[in-house]
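All residue numbers in this chain count up from 1 along the given sequence. Quick note: numbers below take in every heavy atom, side chains included, and nothing from hydrogens, waters or symmetry partners.
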Amino acid sequence: INPERGKYFETYLIPIQNEKGEVTSLLWIAHDLQKEWSLQEEQRKAQLQLQQEHRRLKEAQEIGHVGSFEWDAVTNAIYWSDEMFRIHGLEPQSEEITQERVLSFFAPDETEGREKLINLRNRPGTFDLTHRILRADGQERFIWRQIQSFAGEDGTVTHLTGTVKDVTEQVIAQRKVEESAALLRA
């Protein structure tokens, strides 16, 4: 080891014996560890950067009340971000999300959004829609859902990905503005 020069070696001394068991020579193997250590350091930095980016994304989603999701058509698995769970009144990562569970949050009269979501599972495309949901605690909320479905070369949908933003306060504020405007016109 020569840390001043940045050189690191791993060395082995292997005795070579004759038929009588006598050591006749030594095999000395030196392995330069610098490249391995450099790679390990790069990997450590990349892992740290990835963890920081993940933390930033989670914090941004929480601050903006924006959740993200993905559906894998091959495995039928659905991933929800922590904020997606919160928007729907659930503890983060508290349960497995299925298509039936996703559809159960739609308000009963929100058939347009339900149909669009199901259709995107069958053919590629995009849609965005503001609609009502009923959270797990029964509270009514308004969300803005943006979804894109992706297809493979054969045209078969491979996955959906998207975001959901809780826009309840904006919808309520817009309704109050419209009510005030209607009163002024009357």
Side-chain angles (χ1 to χ4, degrees), residues 47-186:
Q47 183 66 29
L48 181 61
Q49 184 178 7
L50 184 61
Q51 288 170 348
Q52 290 172 341
E53 286 297 318
H54 183 69
R55 177 190 51 80
R56 287 181 193 113
L57 175 62
K58 287 178 83 164
E59 289 171 355
Q61 285 189 351
E62 187 173 353
I63 291 166
H65 299 294
V66 177
S68 60
F69 62 91
E70 183 174 83
W71 170 70
D72 183 319
V74 175
T75 64
N76 204 32
I78 297 174
Y79 165 79
W80 273 15
S81 68
D82 288 351
E83 191 61 22
M84 190 75 167
F85 277 88
R86 287 186 198 98
I87 289 169
H88 289 81
L90 299 169
E91 288 297 316
Q93 310 306 320
S94 61
E95 64 182 74
E96 182 179 348
I97 301 299
T98 63
Q99 178 181 351
E100 293 75 27
R101 186 64 166 138
V102 170
L103 296 176
S104 76
F105 289 108
F106 280 79
D109 60 340
E110 293 286 354
T111 55
E112 178 188 4
R114 214 183 265 110
E115 289 172 6
K116 284 184 175 185
L117 180 59
I118 292 169
N119 288 339
L120 275 180
R121 292 173 66 116
N122 299 320
R123 64 178 179 271
T126 62
F127 91 85
D128 69 88
L129 176 72
T130 300
H131 66 91
R132 290 180 307 120
I133 62 168
L134 298 177
R135 292 170 31 124
D137 59 9
Q139 185 182 33
E140 180 181 83
R141 304 296 289 178
F142 290 88
I143 62 170
W144 177 36
R145 186 181 303 265
Q146 295 180 289
I147 302 176
Q148 183 166 359
S149 62
F150 298 88
E153 290 181 14
D154 64 354
T156 304
V157 172
T158 58
H159 67 284
L160 294 175
T161 189
T163 60
V164 166
K165 178 165 179 51
D166 185 339
V167 293
T168 304
E169 285 74 24
Q170 292 92 325
V171 169
I172 291 170
Q174 180 63 33
R175 286 183 176 173
K176 287 180 180 177
V177 167
E178 290 169 1
E179 289 170 5
S180 296
L183 287 172
L184 290 173
R185 284 190 301 268

Report the relative orientation of the aromatic rings in H159 and F150; use parallel for angles under 30°, tilted for 30 to 60°, perpendicular for over 60°.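 Correct class here is parallel.
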Quick one: does [X]'s side chain get under 4.5 Å of [Y]'s, heavy atoms only?
| X | Y | value |
| --- | --- | --- |
| F106 | P108 | no |
| S68 | M84 | no |
| L90 | R101 | yes |
| H88 | I133 | yes |
| K58 | H54 | yes |

Does the distance from a Lys or Arg side-chain N to an Asp or Glu carboxylate O, for [X] and [Y], drop under 4.0 Å?
| X | Y | value |
| --- | --- | --- |
| R56 | E53 | yes |
| E169 | R141 | yes |
| E112 | K116 | yes |
| E179 | K176 | no |

Identify, with sequence neighbours excluded, every residue that meets side-chain hydrogen bond (donor to acceptor under 3.5 Å, both in side chains) alongside H131. R145
Can you name the residues that form a side-chain hydrogen bond (donor to acceptor under 3.5 Å, both in side chains) with R114, not counting sequence neighbours? none
Results of salt bridge (Lys or Arg N to Asp or Glu O under 4.0 Å) for R135 - residues two or more places apart only: D137
